[in-house]
Visitor: 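I'd like to ask some things about the structure below.
In listed order, ligands and their atoms are each counted from 1.
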Amino acid sequence: MEEQHQRICLVHYHEIGLKGHNRSNFEKRLVKNIEALLGGFPVVTIHRISGRLCVFLREGCDLETAVAVSDAIRGVPGVARVSCGFKCERDLEEMGQVAANALAECDEFETFKVHARRNHTDFETDSMQMNQIIGAALCKAFPEKKVKMKDPDVTVVVEVVQSSSYIYARSVRGIGGLPVGSSGKVVSLLSSGIDSPVALWKLARRGAECIGVHFSGRPQTSDASEYLVDDIAHVLEKTGCIARVYIVPFGDYQKEIALKVPPSLRIIMYRRLMFKVAEVIASRERAGALVTGESLGQVASQTLDNIRATDAAVEIPVLRPLIGSDKLEIIEAAQTLGTYEISSQDAPDCCTLFMPRSPETHAKLDQVLEAEALLPLDEWIPKIVEAADILDYRCPSFKSRIKAVVQER
Ligand code: ATP
Ligand code: MG
């Protein structure tokens with residue numbers, strides 16, 4: 001059939017308690033975030049229409065393009081659902097035809113129903129009547145399909161607004177949450193492992209702008225982990241979930257620590273130093289918290305005593321969104337997010353460097369502080385921060401306070 005109606009994607013969101021001013025900020029932020037991420041797609045404009053956003057696709061777009069746009073949008077924080085359909089006049093005959101076009105584009109289905117509503121009573125036909133009229137048109141167009149009111153395979157939604165109507169049958173769930181840029185900023189410790197990208201993403205999904213910090217074993221190891229982290233960041237960038245990453249060469253400092261600190265305390269010491277460096281970066285970036293991918297008891301260093309001993313290294317709050325998650329849940333999340341494959345590749349980072357045979361699982365803070373006193377941290381920390389490379393990613397709300405510098409490698 002000849003394409004004649006404008007294709008649209010309707011973006012639904014539903015955060016409880018979105019009222020008044022709050023709601024308008026939420027919508028504006030979401031529009032900006034989606035707009036920036038759709039740069040490469042044939043999108044004409046995005047409008048706010050009564051409680052949802054309408055993305056208008058360029059004339060002549062096919063279904064495949066519309067689905068690609070919908071797939072790009074569904075992973076953006078703040079999006080509860082995306083529907084692919086058409087815009088048409090407020091004319092019942094035309095609406096019936098368009099509804100049939102929309103239904104024809106659904107994958108295998110046996111049963112359907114119509115769900116019509118009008119936002120303006122200036123349209124004389126009420127929703128019950130619309131259901132009947134459009135339902136009859138669909139029964140005529142699809143005589144072999146059945147109408148089912150409860151749990152049909154497909155629901156054809158018809159929404160009549162002030163000057164037009166929107167009709168869709170294809171609809172997918174989004175990831176929910178809040179638009180990035182609506183909940184402040186965090187600094188997230190990002191290894192190339194499975195857990196930390198998921199932890200970062202959880203904060204982004206709650207609306208935080210995320211800045212990653214990766215500690216590389218360079219120059220004591222290769223820079224392979226840095227490339228994996230960059231690959232991971234590019235996956236997160238697709239949905240606007242990461243603003244920048246600091247790549248911190250850490251190998252020489254680990255070597256020094258390994259020379260001066262008893263083997264059992266090394267890991268705690270590396271981690272305390274990582275936290276302290278991340279805290280300085282957070283203060284430069286005006287971020288309100290650190291984030292890690294730790295999950296209780298997952299490995300020897302992730303005990304309550306060790307969490308206490310590392311947290312005591314900094315004043316800034318440390319958030320651990322995966323603390324109660326099982327590894328399998330985290331793996332599933334990483335697979336959905338698209339970082340799992342990258343994270344499964346092996347690359348030496350600072351974690352594999354100078355590891356003791358039996359790390360302390362219940363570090364005592366006084367012993368830790370005693371050992372740490374042997375290290376010239378005040379001299380080290382500014383040097384470590386200075387030596388970091390800064391990589392930037394597309395995050396529409398992020399306002400850079402520090403220029404990105406990538407140093408010669
Ligand atoms: P992940 O899968 O995230 O690497 P893990 O199971 O390997 O986690 P640990 O090595 O104990 O666990 O690391 C715990 C957390 O410390 C990580 O989730 C991450 O937030 C942080 N972290 C570990 N290594 C690094 C690193 N090289 N650079 C930055 N952060 C790191
Ligand atoms: Mg790891």
Visitor: Under a 4.0 angstrom heavy-atom cut-off, which atoms of ligand 1 come close to Thr292?
Guide: 20 (O)

Visitor: Geometry only, no angles: is Met274 polar-contacting ligand 1 at N/O separations under 3.5 Å?
Guide: no

Visitor: Could you point out which residue of Arg48, Arg52, Lys32 forms a salt bridge (charged side-chain N to carboxylate O under 4.0 Å, His left out) with Glu27?
Guide: Arg48

Visitor: Let me see the working for Asn25 and Ser182 under side chain to side chain contact (heavy atoms under 4.5 Å, CB included), right down to the final yes or no.
Guide: CA-CA 8 Å; Asn25 286 342; Ser182 58; over 6 Å; no

Visitor: Give the numbers and elements of all ligand 1 atoms closer than 4.0 Å to a heavy atom of Leu189.
Guide: 19 (C), 20 (O), 21 (C), 29 (C), 30 (N)

Visitor: Please list, in number order, the atoms of ligand 1 under 4.0 Å from a heavy atom of Gln298.
Guide: 6 (O)

Visitor: Do you know which of Ile73, Val55, Ile34 makes side chain to side chain contact (heavy atoms under 4.5 Å, CB included) with Val43?
Guide: Val55

Visitor: Applying the side chain to side chain donor-acceptor pair (under 3.5 Å) criterion to Ser225, which one of Gln345, Arg218, His214 satisfies it?
Guide: His214

Visitor: Out of all atoms in ligand 1, which are within 4.0 Å of some heavy atom of Val213? Include the element for each.
Guide: 29 (C)

Visitor: Apply salt bridge (charged side-chain N to carboxylate O under 4.0 Å, His left out) to the pair Glu386 and Arg284, showing each step before the final yes or no.
Guide: CA-CA 12 Å; Glu386 243 4 88; Arg284 285 184 16 160; 3.7 Å; yes

Visitor: Would you check the N or O atoms of Gln302, main chain and side chain alike, for any that come under 3.5 Å of an N or O of ligand 1?
Guide: yes

Visitor: Taking only heavy atoms of Gly293 into account, list the atoms of ligand 1 that are under 4.0 Å away from them.
Guide: 17 (C), 18 (O), 20 (O)

